[in-house]
Amino acid sequence: MTTSVLSRARTRLSSAALVAVGLAAGFGVAQGTGIRALGGAVFLAGGLAAGWLWVQRRGWVVALGLGALYVGAFVLAHVLALGAGLPAWLAVSLVTIAAAGVTYAVADRP
């Protein structure tokens with residue numbers, strides 16, 4: 001692959017989609033398999049892939065901020081589910097929509 005092909009592929013891939021997949025699929029895998037570490041691995045993979053795109057597109061400062069948002073969304077989902085008593089799927093859905101929306105606005109929007 002040439003550099004231009006890699007560059008085009010990088011710009012087409014949405015980091016907001018990676019955030020959504022990392023949060024939602026990580027939750028789904030953990031719930032479905034009963035193995036929380038496996039869900040954590042999906043969460044980590046989504047975050048690392050999105051982080052790589054953030055650094056490439058917007059630099060380290062934005063990448064660190066969005067990374068904090070990503071981890072904060074994970075924590076907030078637990079707080080909403082355990083502390084506020086929301087169903088787990090609802091808590092994960094809410095934080096996923098919010099984190100993906102902010103990520104799109106900051107990192108993906110042309």
Side-chain angles (χ1 to χ4, degrees):
M1 266 190 220
T2 65
T3 304
S4 63
V5 171
L6 289 174
S7 179
R8 281 192 309 247
R10 185 172 44 237
T11 58
R12 282 185 290 188
L13 184 59
S14 169
S15 64
L18 291 170
V19 165
V21 167
L23 287 165
F27 170 73
V29 167
Q31 287 289 99
T33 64
I35 304 170
R36 294 180 69 149
L38 191 55
V42 172
F43 171 77
L44 180 63
L48 289 175
W52 183 80
L53 289 176
W54 297 330
V55 170
Q56 299 298 312
R57 293 178 183 168
R58 302 290 189 236
W60 280 101
V61 172
V62 171
L64 290 172
L66 288 173
L69 172 72
Y70 184 67
V71 172
F74 175 80
V75 171
L76 182 58
H78 286 82
V79 170
L80 290 173
L82 300 174
L86 290 178
W89 63 268
L90 179 58
V92 170
S93 298
L94 291 173
V95 301
T96 298
I97 290 167
V102 170
T103 299
Y104 176 79
V106 172
D108 294 337
R109 190 173 56 186

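Each residue takes its place number in the sequence, starting with 1. Only heavy atoms go into these numbers, but all of them, side chains included; no hydrogens, no water, no symmetry mates. A quick note: this is a predicted structure, and the numbers were derived from the prediction, not measured.
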- line: Between the CG atom in Leu18 and the CG atom in Leu48, the distance rounded to the nearest 0.5 Å is 10.5 Å

query: To the nearest 0.5 Å, what is the distance between OG (Ser93) and CG (Leu80)?
result: 11.0 Å

- prompt: When you look at Leu66 and Val19, which way does the side chain to side chain contact (heavy atoms under 4.5 Å, CB included) test go after all the steps?
  reply: CA-CA 10 Å; Leu66 288 173; Val19 165; over 6 Å; no

message: Restricting to non-hydrogen atoms, name the atom on Leu23 and the atom on Thr96 that form the minimum distance, rounded to 0.1 Å.
response: CB-OG1, 3.4 Å

field: Path from Val42 to Ile35 over hydrophobic side-chain contacts below 4.5 Å
entry: yes

message: If hydrophobic clusters are built from ILVMFWY residues whose side chains come within less than 4.5 Å, do Val79 and Val102 share one?
response: yes

- prompt: Can you hop from Leu13 to Val21 via hydrophobic side chains spaced under 4.5 Å?
  reply: no

message: Just verifying a value: how many Å separate Leu76 CG and Leu69 CG, rounded to the nearest 0.5 Å?
response: 10.0 Å

task: Can you run down the side chain to side chain donor-acceptor pair (under 3.5 Å) pairs that involve residues 99-110, sequence neighbours left out, and say none if there aren't any?
output: Ser14-Asp108, Ser15-Asp108, Arg57-Asp108

task: Indicate the atoms forming the closest heavy-atom contact of Ala100 with Ala16, along with that distance.
output: O-CB, 3.4 Å

- request: Among residues two or more places apart or on two chains, list those pairs meeting side chain to side chain donor-acceptor pair (under 3.5 Å) that have a residue in residues 59-82.
  value: none

- prompt: With hydrophobic residues grouped by side-chain heavy-atom distances under 4.5 Å, do Val61 and Trp54 end up in a single group?
  reply: no

- request: Check the hydrophobic clustering (I, L, V, M, F, W, Y; side-chain heavy atoms under 4.5 Å; chains of links allowed) and say if Trp89 and Leu86 are grouped together.
  value: yes

